[in-house]
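Everything below concerns the one structure shown next.
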Amino acid sequence: MGADTRVNVEYVSANPTGPMHMGHCRGAVVGDALATLLEFAGHDVTREYYINDAGGQVDTLARSAHLRYREALGEDIETIPEGYYPGDYLIPVGKALAAEFGDQYLGQPEENWLIVFRTAAVDKMMDLIRADLALLGIEHDVFASEAALHKAGKPDEAEAWLRAHDLVYDGVLEAPKGKAPPEDWESVELPLFRSTKFGDDQDRPIKKSDGKWTYFGADLAYHMQKAEACDALIDIWGADHAGTVKRIKAAVAALSEGKGKPTPFDVKLVQMVQLMRAGEPLKMSKRSGNFITIADMVEEVGKDVVRFTMLTRKPEAQMDFDFAKVVEASKDNPVWYVQYAHARIQSNLRKALEEEGISPSGDALEQLGAEELALIRKAAQFPREVEAAAKAREPHRIAFYLYDLATELNAFYSLGNTDPEKRFILKHNPGLSQARLFLADAIGQVLRNGLRLLGVEAVDRM
RNA sequence: GUCCCCGUAGCUCAGUUGGAUAGAGCGUCGGAUUCCUAAUCCGAAGGCCACAGGUUCGAAUCCUGUCGGGGACACCA
């Protein structure tokens with residue numbers, strides 16, 4: 001492809017209010033694999049994470065941290081009240097805050113400590129999140145802070161520009177139609193972005209009635225900021241945000257076209273994952289703060305299994321993740337099967353060298369027959385497969401391709417069971433043996449390359 | 001009520017972005033093994049590509065509608 005364009009891939013962007021749970025997992029893996037895939041295809045990729053550190057949720061986080069801070073200083077806080085984050089992960093944060101500040105924020109009104117606690121708690125949460133992402137082998141290049149965006153006045157800039165072009169106006173939202181009748185509906189005049197001009201169902205407010213920016217108002221400025229530094233934008237979102245795709249696309253179209261630099265922008269929606277164990281769905285209670293974290297998943301089945309499995313389905317289709325099935329050692333477990341093929345190749349290469357002194361060589365490739373050629377053809381498809389997957393922005397195709405390649409490798413390998421002449425290691429015919437090992441080595445290479453694209457390590461023995 | 005995603009073999013899913021007889025795995029049935037990793041391999045049966053229209057020389061693929069599953073719909077993030 002060699003397009004050599006700068007592509008910004010934003011993924012994960014989980015709220016900095018706790019550790020990552022399984023709901024973030026698929027988007028994280030898909031985004032990361034996509035980024036790698038685009039890099040491999042010759043793009044200059046930026047992996048970006050947007051930190052929502054300016055909304056009401058981080059205030060709740062700060063208050064929850066303050067509660068744990070009081071606890072760390074000896075107070076019995078008993079049960080965590082409604083409206084606070086109950087998770088145990090805030091206990092060490094409270095201790096750290098107590099160690100850092102002593103009792104100076106005890107018994108103080110909120111305005112005296114909220115900002116301090118918010119900043120400190122968000123930092124700690126981001127450390128947590130970065131650690132969780134590292135478990136999945138994920139590392140972002142840029143962590144963009146929403147608060148910093150506000151401080152830099154980006155939303156104001158965007159608003160001014162949009163107003164100047166009659167794309168933002170002050171207006172009143174219509175009450176929501178349909179099944180959910182308005183309960184405490186008030187009609188207020190708000191600054192609205194004309195997203196209907198770009199196919200949205202409704203114009204969208206960029207500021208709230210208290211004058212603060214809405215999430216959308218900030219996000220719009222954020223996308224503008226990203227677009228200034230690259231040639232194409234990709235966002236990976238959970239499917240629960242599908243309803244906001246139109247407005248943000250409208251915003252990017254309006255701003256980037258208006259400013260003379262139309263920026264292609266793609267939002268990839270990733271569907272929910274249903275966790276299962278041996279066919280039974282796992283239910284988790286959000287209320288108690290008890291959910292299955294990414295750390296739990298990685299600890300139980302390993303990074304490679306989590307990553308590969310998340311890529312064995314197209315992202316926009318719902319999927320199950322069965323803790324029992326993903327570690328099964330059989331052909332219906334793609335992770336295992338691809339690894340098995342690679343280990344088998346490595347095992348043969350080792351054995352050939354150590355026991356027979358035969359190493360791969362391309363000197364006698366003309367001795368290879370029709371079956372080997374079919375295998376070579378399959379392996380040779382790899383670059384085209386990568387190109388197609390990159391163009392379609394669908395990393396899961398690589399996973400399916402690797403599975404197919406493993407199938408063909410194993411099929412050829414099995415010919416040697418009934419016909420000893422079809423084996424890789426042939427003592428009486430070193431030339432052919434070298435050629436077949438050369439082929440095996442090449443396929444091993446393709447498997448490794450493909451797995452690396454997915455962020456999965458190939459194993460040499462199992 | 002509106003919007004988005006999905007609907008392909010009994011089950012779980014691919015399908016190279018409109019091209020020839022629609023492909024895997026599991027399951028079922030029938031085979032292969034004194035084996036370089038059999039945790040594997042080969043073969044068979046099994047499809048009106050949800051349904052109905054439309055566009056096209058040509059549709060699983062694009063458009064419209066219906067049905068079914070999932071998700072989202074105030075100034076939350």
Side-chain angles (χ1 to χ4, degrees), chain A residues 13-15 17 50 52 54-58 146 173-180 182-188 190-192 199-202 204-219 238-246 267 269-272 274 312-320 322 325 328-334 336-337 339-341 343-352 355-356 358 381 384-385 387-389 391-392 394 396-397 399-401 403-404 407 410-418 420 422-427 433 436-437 440 461-462:
Chain A
S13 297
N15 288 328
T17 55
Y50 184 47
N52 302 133
Q57 292 193 2
V58 286
E146 183 187 356
L173 280 178
E174 285 175 40
K177 293 168 186 162
K179 280 183 184 173
E183 289 159 21
D184 52 344
W185 177 258
E186 295 174 53
S187 56
V188 186
L190 294 168
L192 301 178
D200 200 0
D201 318 311
Q202 202 176 39
R204 305 291 175 175
I206 60 170
K207 276 182 182 173
K208 301 185 255 183
S209 49
D210 63 4
K212 289 182 182 166
W213 295 101
T214 61
Y215 181 84
F216 172 63
D219 204 26
D240 52 340
H241 289 72
T244 63
V245 171
K246 277 184 180 175
V267 180
L269 294 177
V270 174
Q271 276 289 347
M272 301 285 122
Q274 171 78 322
T312 52
R313 204 121 305 173
K314 55 182 173 186
E316 65 271 25
Q318 291 132 251
M319 81 177 285
D320 294 340
D322 192 314
K325 285 188 184 163
E328 226 168 66
S330 72
K331 186 168 183 180
D332 62 322
N333 180 3
W336 179 86
Y337 191 72
Q339 294 281 27
Y340 178 74
R344 197 176 223 182
I345 289 169
Q346 296 309 311
S347 164
N348 274 264
L349 290 172
R350 275 197 306 273
K351 184 160 187 163
E355 294 180 13
E356 311 299 336
I358 305 174
Q381 273 178 6
R384 292 221 322 258
E385 209 67 39
E387 188 182 321
K391 199 176 271 182
E394 292 180 346
H396 74 278
R397 288 191 194 181
F400 281 95
Y401 167 78
Y403 183 78
D404 287 344
T407 300
N410 283 325
F412 177 74
Y413 183 92
S414 293
L415 295 176
N417 289 337
T418 42
K422 292 284 169 62
R423 293 180 189 170
F424 286 91
I425 300 172
L426 300 167
K427 298 178 192 182
S433 192
R436 286 207 180 127
L437 289 169
R461 54 188 85 219
M462 54 197 292

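Just so it is clear, the model here is predicted, and its values are computed rather than measured. When reading the values below, keep in mind they use all heavy atoms of this one structure, side chains included, and skip hydrogens, waters and symmetry mates.
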Worksheet item: Should A/T244 and A/F216 count as side-chain neighbours, where that means a heavy-atom distance under 4.5 Å?
Response: no

Item to complete: Please state whether the base of B/C75 and the side chain of A/T214 form at least one donor-acceptor pair under 3.5 Å?
Response: no

Worksheet item: What is the nucleic acid contact for A/G416, judged by heavy atoms within less than 4.0 Å: base, sugar-phosphate only, or nothing?
Response: base

Give me, pair by pair, the N or O atoms of the protein and of nucleotides 60-65 of chain B that are less than 3.5 Å apart, along with how far apart they are.
none

Item to complete: Measure from the side chain of A/A388, starting at C-beta and using heavy atoms only, and say which of B/U16, B/C5, B/U37 lies closest.
Response: B/U16

Worksheet, complete the sentence: Comparing A/F424 with A/R384, nearest RNA chain B nucleotide closer to 5' gives the residue A/R384

Worksheet item: What residue among A/Q271, A/E394, A/H396 forms side-chain contact (heavy atoms from CB on, under 4.5 Å) with A/P315?
Response: A/H396

Fill in: Integer angstrom distance from the C1' of B/G30 to that of B/A60
32 Å

Discussion item. Heavy atoms from C-beta onward define the side chain here; which of B/A72, B/C75, B/C4 lies closest to that of A/D240?
Written reply: B/A72

Response to the item:
The residue, A/P315 or A/Y215, whose nearest nucleotide of RNA chain B is more 5′ is A/P315

Practice prompt. Assign A/Q57 to base, sugar-phosphate, or nothing according to its heavy-atom contacts below 4.0 angstrom with the strands shown.
Written response: sugar-phosphate

Item to complete: Quick one: do A/T312 and A/Y403 satisfy side chain to side chain contact (heavy atoms under 4.5 Å, CB included)? Show the steps, please.
Response: CA-CA 10 Å; A/T312 52; A/Y403 183 78; over 6 Å; no

Discussion item. Within the 3.5 Å criterion, strictly below it, is a donor on A/Y340 or A/N410 matched to an acceptor on the partner's side chain?
Written reply: no

Worksheet entry | Heavy-atom side-chain contact between A/I425 and A/E355 under 4.5 Å | no

Item to complete: Using a 4.0 Å heavy-atom cut-off across all strands, classify A/V188 as base, sugar-phosphate, or nothing.
Response: base

Worksheet entry | Per-nucleotide pairing state of RNA chain B [Watson-Crick or G-U, under 3.5 Å; [ ] pseudoknot-crossing; | other strand] | (((((((..((((.....[...)))).(((((.......))))).....(((((..]....))))))))))))....

Worksheet item: Checking only heavy atoms, does the side chain of A/H241 share a donor-acceptor pair with the base of B/A77 at less than 3.5 Å?
Response: yes

Fill in: Nearest-neighbour nucleotide for the A/K314 side chain, B/C75, B/C36, B/G15 considered
B/G15

Item to complete: Calculate the interatomic distance between A/E146 atom CD and B/A77 atom C1'; express it in whole Å.
Response: 9 Å

Fill in: Per A/R313 side chain, nearest of listed nucleotides B/G71, B/A14, B/A77
B/A14

Worksheet entry | A/K422 NZ to B/A32 P, straight-line distance once rounded to whole Å | 19 Å

Item to complete: Identify whether any heavy atom of A/S347 sits under 4.0 Å from a base atom; if not, whether one sits that close to sugar-phosphate; answer base, sugar-phosphate or nothing.
Response: base

Kindly give the atom pairs (protein nitrogen or oxygen, nucleotide nitrogen or oxygen) under 3.5 Å for nucleotides 40-42 of chain B.
unit_1: B/U40; atom_1: OP1; unit_2: A/K331; atom_2: N; d: 2.9
unit_1: B/U40; atom_1: O2'; unit_2: A/S414; atom_2: OG; d: 3.2
unit_1: B/C41; atom_1: OP1; unit_2: A/K331; atom_2: NZ; d: 3.1
unit_1: B/C41; atom_1: OP1; unit_2: A/Y337; atom_2: OH; d: 2.3
unit_1: B/C41; atom_1: O4'; unit_2: A/S414; atom_2: OG; d: 3.0

Worksheet item: Would you call A/E146 and A/D219 a side-chain contact if the rule is heavy atoms closer than 4.5 Å?
Response: no

Worksheet item: If you look at every strand shown and take non-hydrogen atoms under 4.0 Å, does A/G238 touch a base, only sugar-phosphate, or nothing?
Response: nothing

Worksheet item: Which value, in whole Å, describes the distance between the P atoms of nucleotides B/C76 and B/C13?
Response: 35 Å

Worksheet, complete the sentence: Here the distance between atom P of B/A74 and atom CG of A/D201, to the nearest Å, is 12 Å

Fill in: side chain to side chain contact (heavy atoms under 4.5 Å, CB included) between A/H241 and A/L269, worked out
CA-CA 8 Å; A/H241 289 72; A/L269 294 177; 5.5 Å; no

Worksheet item: Do A/H396 and the base of B/A14 stack face to face, with centres under 5.5 Å apart and an angle between planes under 30°?
Response: no

Worksheet entry | Atom-to-atom span, CG of A/D322 to C1' of B/C26 - whole angstrom | 14 Å

Practice prompt. For B/C76, take OP1 and OP2 only and decide whether either is under 4.0 Å from a side-chain N or O of A/K212.
Written response: no

Worksheet item: Of all the choices, B/U37, B/C75, B/A77, which nucleotide is nearest to the side chain of A/N348 once you look at every atom?
Response: B/U37

Worksheet item: Is there a side-chain contact between A/F424 and A/I345 (heavy atoms, below 4.5 Å)?
Response: no

Worksheet item: Taking OP1 and OP2 of B/G25, is either one under 4.0 Å from a side-chain nitrogen or oxygen of A/N333?
Response: no

Worksheet item: Reckon A/M272 touches a base, only the sugar-phosphate, or nothing at all at heavy-atom distances under 4.0 Å?
Response: nothing

Worksheet item: Any side-chain heavy-atom pair from A/Q202 and A/L192 closer than 4.5 angstrom?
Response: no

Item to complete: May I ask you to test the A/R313-A/Q318 pair for a side-chain heavy-atom distance under 4.5 Å?
Response: no

Worksheet item: Whole Å only: how far is the NZ atom of A/K246 from the P atom of B/U2?
Response: 13 Å

Worksheet item: A/A239 near the nucleic acid: base, sugar-phosphate alone, or nothing, with a heavy-atom cut-off under 4.0 Å?
Response: sugar-phosphate

Worksheet item: Is the backbone N or O of A/D322 less than 3.5 Å from a side-chain atom of A/D320, with the two atoms forming a donor-acceptor pair by type?
Response: no

Practice prompt. Would you indicate whether the side-chain heavy atoms of A/N52 and A/Q57 approach each other to under 4.5 Å?
Written response: no

Practice prompt. Assign A/A343 to base, sugar-phosphate, or nothing according to its heavy-atom contacts below 4.0 angstrom with the strands shown.
Written response: base

Worksheet item: Quick one: are A/L349 and A/L437 in side-chain contact, heavy atoms under 4.5 Å?
Response: yes

